[in-house]
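Worksheet: one structure, shown below.
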Amino acid sequence: MDIFGTLMRRESLFLNREVLRPSYIPDVLPHREREITHLAEIFLPALKGEQPSNVFIYGKTGTGKTAVVKLVGSKLIEKGRETNHLIDFIYINCEVVDTHYRLLQNIANQLINSWKDRIPFTGLPTDEVYLRLREIMDEKKRVAIIVLDEIDKLKGDEALYTLSRMNGDLSNAKVSLVGISNDLKFTEFLDPRVKSSLGEENMVFYPYNAQELQDILEQRAKAALKPGVLSDSVIPLCAALAAREHGDARRALDLLRIAAELAERENAKKVTDRHVRKAMHKIELDHIAEVVKTLPLHSKILLLAILREEKKRKSMGMNLSLTTGEVYDTYCNMCKKMSIEPLTQRRVGDLISELDMLGIITARVISKGRYGRTREIRLSSSAEIQRILQNDSSLRPLLLYRGEQMKLI
DNA sequence: CTTCCACAGGAAGGTCTGGCGG
DNA sequence: CCGCCAGACCTTCCTGTGGAAG
């Protein structure tokens, strides 16, 4: 059987799939011309060997913050090479690199060329790492622009404090910082000194509206897909759906790409609205499935406890929402069944908040007056969560064999 | 108006792991 | 090998609180 032969003969709808991926940065960013110019003006002094102002950039996800910064950054490096002013442009995502130590370590390692001088990711005292970083930068004698994406994910403001006053410790090199955040309230909690230093320049990226999203999609679709494969209403629909979710361009591009992939798999000649809706559903379920699978054991037990309580409520025709106390009781029972020591209620409270932030459950704080203050807990997609948990081997003792399938007890 | 429930969630500290230099 | 370090993950102890009931 020529499995791949058959698949390969199937006509692809794509010219270049990459163009629709979130990591792709096009050379032209529609509706961000003003932001690009503004940022370029701020960076300009770097080309004269001077230190650009620090910048703080706000904006929700998918508003083009990262794309604009990376685009302007790469143009800056290019121009720097031409004019013989070498510039270090360091991009760090603080969601991945989220502590003082790792931040310094990461910056230093991006500046180091040789493998063996690299700084280990644990073991050294933090100030030692800082000293080494200083040495490295002073040796290079360059202007370095350090981009801290998702800066609000950074734990503690010590790291920002260190970086923002680093210029005082450097004799030959210069540092300027670009902070990117989608949390508008982020600076409120910062040390005032850091706040004023980081906020020398401020930029706000507003969400795209449906029309702007359409322009973006059209531009990308032209490069990514073969001509004529999109039904007329597909792009407006993707744009409208994404606009509903606070104008997230990343979401819009994902929708279009996945819709096209689904259509291709069906061997369809054209991408239609139906594919887009299917894509949206798929994105939601994939997200939940991915997160639930990788959850630590106690969070899984907790989810199972919520699932089971909800089912019980449903069969009794009662109100679906649960409280922390109820969930905790069921959770403790389940732990007993598995002969596992349950976590404290305090800890479980934190786990519940985490699940809420991940979008697996909704947990709103409500007051029931005389009957206390608690969280109102609900699963966001019980069918999908149940499907994942039923196939989880670590929860086996809590599941029951019935016919061919594992069922919840 | 006050009371008081059932927690929320802050602070501080303990334990364990992986990985470093010496 | 040891001693040290940062960070993940928990516990203990604690103070704070929205709003129905009294």
Side-chain angles (χ1 to χ4, degrees), chain A residues 92-109 112 114-133 135-136 148 150-163 183 185-186 188-191 291-292 294-303 305-306 309-310 313 318-336 338-358 360-378 394:
Chain A
I92 288 177
N93 187 329
C94 300
E95 185 157 29
V96 188
V97 180
D98 60 357
T99 62
H100 191 189
Y101 182 93
R102 288 201 190 146
L103 185 61
L104 296 176
Q105 179 228 8
N106 223 280
I107 296 170
N109 284 346
I112 293 173
S114 83
W115 200 240
K116 75 173 182 21
D117 291 340
R118 277 170 63 258
I119 294 177
F121 69 86
T122 177
L124 294 177
T126 306
D127 30 337
E128 170 67 23
V129 182
Y130 178 65
L131 284 177
R132 288 208 203 169
L133 177 61
E135 275 172 32
I136 295 163
L148 303 173
E150 316 219 26
I151 195 170
D152 47 307
K153 301 285 162 57
L154 219 49
K155 288 171 186 143
D157 49 11
E158 223 177 324
L160 291 177
Y161 187 63
T162 312
L163 284 178
D183 182 1
K185 282 177 282 178
F186 170 64
E188 282 176 25
F189 308 104
L190 279 181
D191 184 314
V291 175
V292 172
T294 54
L295 243 29
L297 179 63
H298 281 283
S299 301
K300 285 180 183 169
I301 300 175
L302 196 55
L303 269 184
I306 300 172
E309 274 303 299
E310 262 195 7
R313 293 296 176 96
M318 289 166 63
N319 186 357
L320 270 185
S321 54
L322 312 164
T323 68
T324 305
E326 291 160 347
V327 171
Y328 184 66
D329 284 346
T330 325
Y331 159 82
C332 285
N333 286 333
M334 290 182 145
C335 284
K336 215 179 280 171
M338 295 181 74
S339 342
I340 289 180
E341 195 64 24
L343 301 174
T344 56
Q345 180 158 341
R346 177 70 186 82
R347 180 66 187 135
V348 168
D350 281 346
L351 293 183
I352 289 174
S353 315
E354 278 169 32
L355 291 175
D356 180 43
M357 287 205 295
L358 290 167
I360 311 281
I361 64 176
T362 41
R364 226 162 28 97
V365 181
I366 54 156
S367 172
K368 306 217 271 186
R370 171 108 286 200
Y371 305 106
R373 232 159 69 93
T374 182
R375 278 190 181 107
E376 190 184 57
I377 301 165
R378 279 210 208 177
S394 60

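Nearest heavy-atom pair, A/Glu310 versus A/Ile377, reported as atom, atom and distance to 0.1 Å: OE2-O, 4.5 Å. The shortest non-hydrogen separation linking A/Ala108 to A/Ile136 is CB-CD1, 4.0 Å. The minimum heavy-atom distance between A/Gln105 and A/Val129, with the atom names listed, is N-CG1, 3.7 Å. Across all non-hydrogen atoms, the minimal contact from A/Lys300 to A/Val292 is CE-O, 3.5 Å.
Atom P of nucleotide C/dC9 and atom CG of A/Leu297 are separated by 13 Å, given to the nearest angstrom. A/Arg364 has its CZ atom 13 Å from the C1' atom of C/dG18, to the nearest Å. Here C/dC4 presents its C1' atom at 14 Å from CD of A/Glu128, a figure rounded to the nearest Å. Separating the CG atom of A/Leu104 from the P atom of C/dA6 is a distance of 12 Å, rounded to the nearest angstrom.
Once rounded to the nearest 0.5 Å, the distance linking CE of A/Met334 with CG of A/Leu302 reads 10.0 Å. In this structure, CG on A/Leu133 lies 9.0 Å from CG on A/Leu103, to the nearest 0.5 angstrom.
Shown for residues 366-378 of chain A: residues whose heavy atoms fall under 4.0 angstrom of DNA chain B, namely A/Gly369, A/Arg370, A/Tyr371, A/Gly372, A/Arg373, A/Thr374, A/Arg375.
Nucleic acid contact for A/Gly349: none, since no nucleic acid atom lies under 4.0 Å from a heavy atom of the residue.
Considering A/Gln345, A/Lys336, A/Glu326, A/His298 as possible partners of A/Tyr331, the one that fulfils the side-chain contact (heavy atoms from CB on, under 4.5 Å) test is A/His298.
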Solution key, residues 346-354 of chain A side-chain donor-acceptor pairs under 3.5 Å, sequence neighbours excluded:
from, atom 1, to, atom 2, distance (Å)
A/Arg346, NH1, A/Asp350, OD1, 3.0
A/Arg346, NH1, A/Asp350, OD2, 3.4
A/Ser353, OG, A/Gly349, O, 3.1
A/Ser353, OG, A/Arg375, NH2, 2.6

Could you pull out all donor-acceptor pairs under 3.5 Å where a side-chain atom in residues 361-369 of chain A meets a protein atom, sequence neighbours excluded?
from, atom 1, to, atom 2, distance (Å)
A/Arg364, NH2, A/Glu376, OE1, 2.6
A/Ser367, OG, A/Gly369, N, 3.2

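A 4.5 Å side-chain heavy-atom check between A/Leu163 and A/Leu148 finds at least one atom pair inside the cut-off.
Scored by the salt bridge (charged side-chain N to carboxylate O under 4.0 Å, His left out) test, A/Glu309 finds A/Lys312 as partners (sequence neighbours excluded).
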Shorter than 3.5 Å, N or O on both sides, protein versus nucleotides 11-13 of chain C: list them out with atom names.
from, atom 1, to, atom 2, distance (Å)
C/dT11, OP2, A/Thr344, N, 3.0
C/dT11, OP2, A/Thr344, OG1, 2.9

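Once you apply a 4.0 Å limit to the heavy atoms of chain A, the touched nucleotides of DNA chain B run 5' to 3' over B/dT3 to B/dC20.
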